[in-house]
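Keep in mind it's a predicted model, so treat the numbers as computed, not measured. Sequence lines set the chain letters: A, B, ... in the order given, protein chains first and strands last, and positions in each chain run from 1.
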Number of protein chains: 2
Amino acid sequence: MATMADVARRAGVSAKTVSNVLSGYPYIRESTRERVLTAIDELGYELNVTARILRSGRSGVIGLAVPELGQPYFGELADEVLAAARRHDLQVLIEPTGFTRDGELEALREPRRRLVDGLVFSPAALDQGDAHVLENLGYPLVLLGEQIFSSRVDHVTMHNVEGARAATDLLLDVGRRRIALVGMLHAPTAGSARLRFQGYREALEARGLSVDERLLGWADDGWHRANGARAMAAVLDGVGQVDGVVALNDALAIGAMYELQVRGLSIPRDVAVVGFDDIEDARYSVPALTTIDPGRREIAEVAVDLLRRRLDERTGPGEPTRPPVLHVADLRLIERESTPPRVP
Amino acid sequence: MATMADVARRAGVSAKTVSNVLSGYPYIRESTRERVLTAIDELGYELNVTARILRSGRSGVIGLAVPELGQPYFGELADEVLAAARRHDLQVLIEPTGFTRDGELEALREPRRRLVDGLVFSPAALDQGDAHVLENLGYPLVLLGEQIFSSRVDHVTMHNVEGARAATDLLLDVGRRRIALVGMLHAPTAGSARLRFQGYREALEARGLSVDERLLGWADDGWHRANGARAMAAVLDGVGQVDGVVALNDALAIGAMYELQVRGLSIPRDVAVVGFDDIEDARYSVPALTTIDPGRREIAEVAVDLLRRRLDERTGPGEPTRPPVLHVADLRLIERESTPPRVP
DNA sequence: CTGAAAGCGCTAACAT
DNA sequence: ATGTTAGCGCTTTCAG
């Protein structure tokens, strides 16, 4: 396989010039560039990225650590991150963390081996006590979509509390009062679960209502459909009657709707349902799911832009490092058929 | 950041010995190994993978080229591939090809730059005419899940034709005769679409029936739910009556079920529906979807095992390269509620 | 079982 | 606008 030196020899230039051409260095005579390009073509030469990384210290690869891709939210998020990365000419190494603390700690170690330049990390098992491991990692890190761990790390998050409050408010506005919450987790670590539950509680309390423990559906095995159905069943078996459901994500909501319909309940007439995430499924469930769009695309774009900026900072000598960023994406309540129209 | 030389100095050995310890070379005195390990620990040393790759020519990273992760089938497949790779101590660089020929050709070029050792590739846009670009790539390639491109390349595929035939047979067995096919593609390139359509046709023809063009629902914009709903609508608007649906994947099936139910049709009483892929959604759609499990896990495992074996072959000197493998995974028809029970 | 020397292919730094 | 020199951190090869 041809090396840069081979190309240089054939083009009658030095290796450095070939390198310059390939790196987009602007000050090159047009004729020289063409000779080099021709030689590259004739030899079928391809740059050896590994050598470039070793020498330059930058790989052009970023890591993306997410729990699992089979969950539509993360699959769709990964696509957005991959697309944003491509726009920046970056490649992405995906580290599935499997919702485990060990998996997440392991993912944080990878960049130190220098194969990836920085990490976009969506934590799901670490908790506030782990905040210190996220600081001074020695490489740029952008945290995604959950709670705020540390003021010293870049975060791109969503309005979890406000979203859940908006969802609950909608149900209250249409007159529902026995509103179940599907997807509660016992783990104290559970970032978005805790925040979304907080939004639910705030909405109730703002109307002088309080949380009825019997309306809480637990899903400690993960926010999958199956668990949404199970949690819904448990609530229905426990209290008998429910007229609204706030699910902590769309998969849970769809599972819950399944269970409701199996029991002959009509949505939204008997029970109105709101989800969270606006995954593609939500649009085509039966009935179509009212949900919160947390601004996934914005989150992915901002995260990659930010990481890229941090990578560039490292190269630029002398530039002072900018202070940590906290970006909160906009959210939208998307009303579909699983809730009745609000009457004004 | 500490280097191997630093560790060697501290442990009072040569760099090579450190390297040996890290590579699991067996013939090392236990006391030496311990001194090295201690030094590594004390210095917080981490191997620079890039330098290792440059020297050894092997990166331990494999590429996975798939259309997009937001489609549950590919998200779930990616998880299986990632898990299998981890068992082999391999990392995975994902190349989204976006269902385009250009994206797929681009993905094939990446390994040549030496950052990844080999590629697991699920083509969706290349066609038989492109078979030659898949041969003699200069790195190991395993093709996934579609048609057979070339007898000179390793393939891990599924029983597309048989699966679609089984799905159609089920509908015929329960007395359905106006069976729509949802998800047809005009592109001649469409591997699994063509094969699954063939299975549908074979099942019909085996009973002396023929394909009614008006029952074909097109989804050239991709096998998403939205297009399943649209294709179903087009068929219903065109022919009015249908009593069965074979969808070319589960997302299309779920979209089609949505459209049917919006129009007041009951599933499976008025229309029975079968999908293909057995994604997690299928279990929790309303009604739960009867579908074909193509053996996704087996496919991922066999593909990574095979790739790994090919990578090892390259190292082993003199061993003759084994001939190309064609592995076809087992499939299963999973009967749920979107089809009536078969009466014996 | 361990060490010394060489060099993988490229680019940073400097020179011109 | 292009060339020279040096070396990134590791593993291969060969010697002991």
Side-chain angles (χ1 to χ4, degrees), chain A residues 1-37 39-40 43-61 111-115 117 138 312 314-318, chain B residues 1-37 39-40 43-61 111-115 117 138 314-317:
Chain A
M1 196 162 286
T3 79
M4 206 173 250
D6 298 331
V7 175
R9 205 170 313 118
R10 186 172 193 113
V13 299
S14 79
K16 179 62 195 167
T17 301
V18 177
S19 171
N20 283 338
V21 169
L22 255 25
S23 309
Y25 182 71
Y27 308 111
I28 295 175
R29 205 180 304 141
E30 195 45 47
S31 63
T32 309
R33 181 199 311 282
E34 288 200 352
R35 247 175 324 128
V36 169
L37 259 17
I40 286 176
L43 292 171
Y45 167 76
E46 308 216 28
L47 178 78
N48 182 327
V49 232
T50 317
R52 168 184 279 184
I53 301 172
L54 179 58
R55 182 66 244 221
S56 68
R58 293 191 42 174
S59 68
V61 179
R112 308 213 49 201
R113 300 189 220 159
R114 323 255 31 199
L115 191 61
D117 292 335
D312 292 344
R314 295 209 300 177
T315 312
Chain B
M1 194 160 288
T3 78
M4 204 171 250
D6 299 331
V7 175
R9 207 169 312 120
R10 185 172 195 112
V13 299
S14 78
K16 177 59 193 166
T17 301
V18 178
S19 173
N20 281 341
V21 169
L22 257 26
S23 309
Y25 183 70
Y27 307 112
I28 297 177
R29 205 180 305 141
E30 196 46 48
S31 65
T32 309
R33 181 199 310 283
E34 288 200 352
R35 251 179 316 131
V36 169
L37 258 17
I40 286 177
L43 293 171
Y45 168 75
E46 308 218 29
L47 179 77
N48 182 326
V49 228
T50 319
R52 167 184 278 186
I53 302 171
L54 178 57
R55 186 65 248 226
S56 69
R58 293 192 43 176
S59 68
V61 179
R112 306 215 50 200
R113 301 189 218 157
R114 322 257 29 202
L115 190 60
D117 291 336
R314 295 209 299 178
T315 311

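When atom types are taken as modelled, the side chain of S59(A) and the backbone of L115(A) share a donor-acceptor pair closer than 3.5 angstrom. Proximity of a side-chain donor or acceptor of T17(A) to a complementary backbone N or O of V13(A) within less than 3.5 Å is not detected. Of the possible polar contacts, none joining the S19(A) side chain to the A15(A) backbone as a donor-acceptor pair under 3.5 Å is found. Under a 3.5 Å cut-off, the side chain of D117(A) and the backbone N or O of R58(A) do not form any donor-acceptor pair.
Contact check, T17(B) against dT2(C): no side-chain N or O comes under 4.0 Å of OP1 or OP2. Close to dG9(D), at under 4.0 Å from its OP1 or OP2, lies no side-chain N or O of T3(B). For dT11(C), the OP1/OP2 oxygens have a side-chain nitrogen or oxygen of S19(A) closer than 4.0 Å.
Residue N48(B) places its side chain closer to dC10(D) than to any other of dC10(D), dG3(C), dC8(C). Relative to the side chain of N20(B), the nucleotides dC10(C), dT2(C), dT2(D) differ in distance, and dT2(C) lies closest. The R52(A) side chain lies nearest to dT11(C) when the options are dT2(D), dT2(C), dT11(C). When the nucleotides dC10(C), dT2(C), dA12(C) are ranked by their closest atom to the side chain of K16(A), dA12(C) comes out on top. Side-chain proximity of S14(B) to the nucleotides dT11(D), dG3(C), dG9(D) is greatest for dG3(C).
The distance from atom CG of L54(A) to atom P of dG7(C) is 17 Å, rounded to the nearest whole Å. Atom CZ in R9(A) sits roughly 12 Å away from atom P in dC10(C) (whole-Å rounding). With rounding to whole Å, L47(A) atom CG is found 16 Å from dC8(C) atom P. dT2(D) atom C1' lies 11 Å from atom CZ of R35(A), rounded to whole Å.
Note on residues 3-32 of chain B: pairs passing ring pair (Phe, Tyr, Trp, His ring centres under 6.0 Å), not counting sequence neighbours, are Y25(B)-Y27(B).
For the segment residues 22-33 of chain A, the set of residues with a heavy atom within less than 4.0 Å of an atom of DNA chain D comprises Y25(A), Y27(A), I28(A), R29(A), T32(A), in numerical order.
Using a 4.0 Å heavy-atom criterion, one finds that I53(A) contacts no nucleic acid atom at all. Nucleic acid contact class of V49(A) (heavy atoms, under 4.0 Å, all strands): none.
Residue R55(B) places no side-chain atom within donor-acceptor reach of the base of dG9(D), judged by atom type and a 3.5 Å distance cut-off alone.
Between S56(A) and A15(B), the residue anchored closer to the 5' end of DNA chain C is A15(B), taking for each the nucleotide with the nearest heavy atom.
Once rounded to the nearest 0.5 Å, the distance linking CD1 of I40(B) with CZ of R35(B) reads 12.5 Å.
Closest non-hydrogen pair, T32(A) versus I28(A), comes out as CB-CG2, 4.1 Å.
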